[in-house]
Participant: 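Sharing a structure here in structure tokens format.
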Amino acid sequence: MALDKNELAQLVAGDIPDGAYVNLGIGQPTSIARYLSPESGVILHTENGMLGMGEVVPAERADWDLTNAGKQPVTELPGAAYFHHADSFSMMRGGHLDVCVMGAFQVSAGGDLANWHTGAADAIPAVGGAMDLAAGAKQVWVMMTLFTKSGEPKLVPACTYPLTGKACVTRVYTEVATFHITPEGVRVTATYGIGIEELATRLDMPLLA
Amino acid sequence: MALDKNELAQLVAGDIPDGAYVNLGIGQPTSIARYLSPESGVILHTENGMLGMGEVVPAERADWDLTNAGKQPVTELPGAAYFHHADSFSMMRGGHLDVCVMGAFQVSAGGDLANWHTGAADAIPAVGGAMDLAAGAKQVWVMMTLFTKSGEPKLVPACTYPLTGKACVTRVYTEVATFHITPEGVRVTATYGIGIEELATRLDMPLLA
Amino acid sequence: MRTRIVDALTAVEEVKDGDTVLVGGFGMAGMPVELIDALIEHGAGDLTIVSNNAGNGDTGLAALLAAGRVRKMVCSFPRQSDSWVFDGLYRAGKIELELVPQGNLAERMRAAGAGIGAFYCPTGVGTPIAEGRETRVIDGREYVLEYPIRGDVALIRAHVADRLGNLVYRKTARNFGPVMATAATITIAQVSKIVEVGELDPETVVTPSIYVNRLVEVA
Amino acid sequence: MRTRIVDALTAVEEVKDGDTVLVGGFGMAGMPVELIDALIEHGAGDLTIVSNNAGNGDTGLAALLAAGRVRKMVCSFPRQSDSWVFDGLYRAGKIELELVPQGNLAERMRAAGAGIGAFYCPTGVGTPIAEGRETRVIDGREYVLEYPIRGDVALIRAHVADRLGNLVYRKTARNFGPVMATAATITIAQVSKIVEVGELDPETVVTPSIYVNRLVEVA
């Protein structure tokens, strides 16, 4: 059976190595934090300038000088550190983050990522730190639904939306299957409520098992 | 009468604007600090990572974690700040220091500075932060003797020693005369125990008065 | 030169029509709201504003935009749930937008402050952001050449200053402040408190006084 | 990944022949003497050492040089009153020297740590340092193209660490430590004291734990 959002977040959390420094993108990936145990020693980075970020807190407990990249109020964990934006993005661009997890509109079979712009002519473009993360993290994982609401695949032979980064995604986590993007091709690492043949047909691309 | 070293240091100190951020080079320029009054609000930078540097102290009062660019022990003044080398040299290179004062082997009529290498084949080259200061400070002043021990001028039509920086020096302070390097030429701003004609003859260059 | 302690309106008096103004903050954290209000009152127009976002709600940067003072926004993320002022101006063709990835925004200002002429950056390679820009392969990796962003003025918010202008920040409100302070000809810092010289620990100063020209205390 | 707290010899066990080792310190301030001693004991050779100076007296870096382990020095100021070990090796043609202006040394390591492919720098234009290098005029000013300096290993000294690896420094001993920590594959920090997680103020951490792989306490 397909995973629900919480199960998917838990699955990703379980794959993050102990002690890793991790950036969780705005939106769905933020929920992964709930499934990271303190014993794992995973340390969360937020690009607005902090390592050791804690949980999202409700507005009534907010300190508005302490927010995540989505501008939600968060907490500070013991061992945290603050730094300015140039230092924060140097950390990202310099390849020091072990993993970042982002949402996506599309991921290509070659690991290209499109998650900032639908290409619609009237859309106001906004990119934030997505391109910096795509270019900088040691591993870029994507967490998304595998199909759009109208049933179009989001894991595609080539992205049709404007790119965020080229050949950067190494893993894709979806509600019906998980994938590793490898030099040999796209490898299915697990399926949930869907057969691999049906998956290959719906995605219209060769899949390694 | 020619100025002695202390008089020269005092003269330079008197020309530093109130509130200026200043880097004093290794050696003779370091002595300028003795003639800066606290009321002047002049703040000293040392390129190894500090603003608000105080006086040089004898070894028995040394804290060896607190040294100047010449690796002499110094003190910390109220309002000081520490920073790392990349930040310190960004401050220099980015044009934030109002004045730096350095020694020199030669200064050219066009403001070229030579103070790091005599060009001797067997000399071990060493540059430190001199090129960064030459390229970065808003004003580069030189404090030197006007002639070598053998009587050769050090203010010259063109440097024969390897350069530290091009067209960077704006003022030259020596024991017998002070100069401004201007787009129109070298202007003598004061003489001490020498006539301006004798000066022009010994320097073998046109001088503006 | 010496940092002056002034009121907000005096602090912004040197801003001129056509200036590039760097405005700190990430959302509202670190946003120098009172300095922006003073800038609106001051009246300078035809401004280029460099800031991560393009205003929230109807106050601060959004109010400056609404007053028609801004010719161009340079930012990484203009589109937000409450960026209706910018959205309206943009769709009406009344404001220019230069979209810059967030890290490039920070690094380009850092370059301005650090005297770097340009730098090769891996961010945005192969994306529309890199179109028309010079690229180069170095050690097998492709980079885009990025140029400094300088400000005539920076408006930032810090937590505490000493009277010399040394600054410390508070939590993630630090964000762009320390970088913008280095990148502008005149840096104006709004702080919650000004203390005597010597009250800040020199080890913990984030922005040294050399980068701060005007201080405004907003309790 | 998690910072390991180890003894000095264990800390340097991954250093290999031919490695580039970044060594902190400006003169003796911030010099990781015990880590260098461990490196000598460890025995790796054919090293490239990147450090501001080329050793003082007969201990620390000078002892490493004297032991014949260093193929090349990359530094800004090798010549000092007590740099007789380096001087002798250099005059005997037994060591290579790459002389780098002090700010370029710092900025090139900063670039390595920050993922910058190369940068245009005004330092050294028109001097022998720029000979043979690519230059470019940007906005009317001439710059030299400078490339990153990466380390396989960095040996640095800080003041206090927490058990995660967050570091604070002491006075001007901070110098190259924070930059080198970002520029090496493995960063080893020697500190005077290791405290529990939570004992350092997050506002005052200079090197965040992400940059520190090994911690060695040397009381």
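Below, read A as the first sequence line, B as the second, and so on, with proteins coming before strands; counting in each chain starts at 1. Note that the coordinates shown come from a computational prediction; the quantities given were computed from them, not determined experimentally. Below, all heavy atoms of this structure are taken into account, side chains as well, without hydrogens, waters or symmetry copies.
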Participant: Could you tell me which non-hydrogen atom of C/Asp162 sits nearest to which non-hydrogen atom of B/Gly79, and how far apart they are?
Facilitator: OD2-CA, 3.9 Å
Participant: Between B/Tyr82 and C/Thr204, is any side-chain donor less than 3.5 angstrom from a side-chain acceptor?
Facilitator: no
Participant: Checking heavy atoms, do the side chain of B/Met50, its backbone, both or neither come under 4.5 Å from chain C?
Facilitator: neither
Participant: Counting only heavy atoms not in C/Glu41, do more than 12 sit closer than 6.0 Å to its CD atom?
Facilitator: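 No, the 6.0 Å shell around CD holds no more than 12 heavy atoms from other groups.
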Participant: Just checking B/Lys138: does its NZ atom have more than 12 heavy atoms from other residues, nucleotides or ligands closer to it than 6.0 angstrom?
Facilitator: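 Enclosed: over 12 neighbouring heavy atoms sit under 6.0 Å from NZ of B/Lys138.
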Participant: For B/Ser40, is it the side chain, the backbone, both, or neither that has a heavy atom closer than 4.5 Å to a heavy atom of chain C?
Facilitator: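 Backbone only.
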Participant: Please report the closest heavy-atom contact between B/Ser90 and C/Arg110, naming both atoms and the distance.
Facilitator: OG-NH2, 3.2 Å
Participant: Non-hydrogen atoms of chain C under 4.5 Å away: do they reach the side chain of B/Leu77, the backbone, both or neither?
Facilitator: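 Neither; nothing under 4.5 Å.
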Participant: Side chain to side chain contact (heavy atoms under 4.5 Å, CB included) between B/Ile43 and C/Ser209: does it pass, once the steps are laid out?
Facilitator: CA-CA 10 Å; B/Ile43 294 179; C/Ser209 59; 4.2 Å; yes
Participant: Is a donor on one side and an acceptor on the other found under 3.5 Å between the side chain of B/Arg93 and the backbone of C/Gly115?
Facilitator: no
Participant: Taking atom CG of B/Asp204 as the centre, does the number of heavy atoms from other residues, nucleotides or ligands within less than 6.0 Å exceed 12?
Facilitator: no
Participant: Given the options C/Thr182, C/Thr3, C/Thr207, which has more heavy-atom pairs under 4.5 Å with chain B than any of the others?
Facilitator: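 Result: the option with the highest number of such pairs is C/Thr182.
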Participant: Verify the neighbour count for atom CZ of C/Arg2: are there more than 12 heavy atoms of other residues, nucleotides or ligands below 6.0 Å?
Facilitator: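 Above 12, so yes.
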Participant: I'd like to know whether NZ of B/Lys71 has more than 12 heavy-atom contacts from other residues, nucleotides or ligands below 6.0 angstrom.
Facilitator: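 More than 12 heavy atoms, drawn from other residues, nucleotides or ligands, come within 6.0 Å of this atom.
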Participant: Would you mind telling me which of B/Gly136, B/Gly94, B/Gly95 has the largest number of heavy-atom pairs within less than 4.5 Å of chain C?
Facilitator: B/Gly94
Participant: Considering all heavy atoms of both residues, which atom of C/Pro208 and which atom of B/Leu51 are nearest to each other, and what is their separation?
Facilitator: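 Scanning both residues, the minimum pair turns out to be CB-CD1, 3.6 Å.
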Participant: As an exercise, state the distance from CD1 of C/Ile210 to NE2 of B/His45, rounded to the nearest 0.5 Å.
Facilitator: 7.0 Å
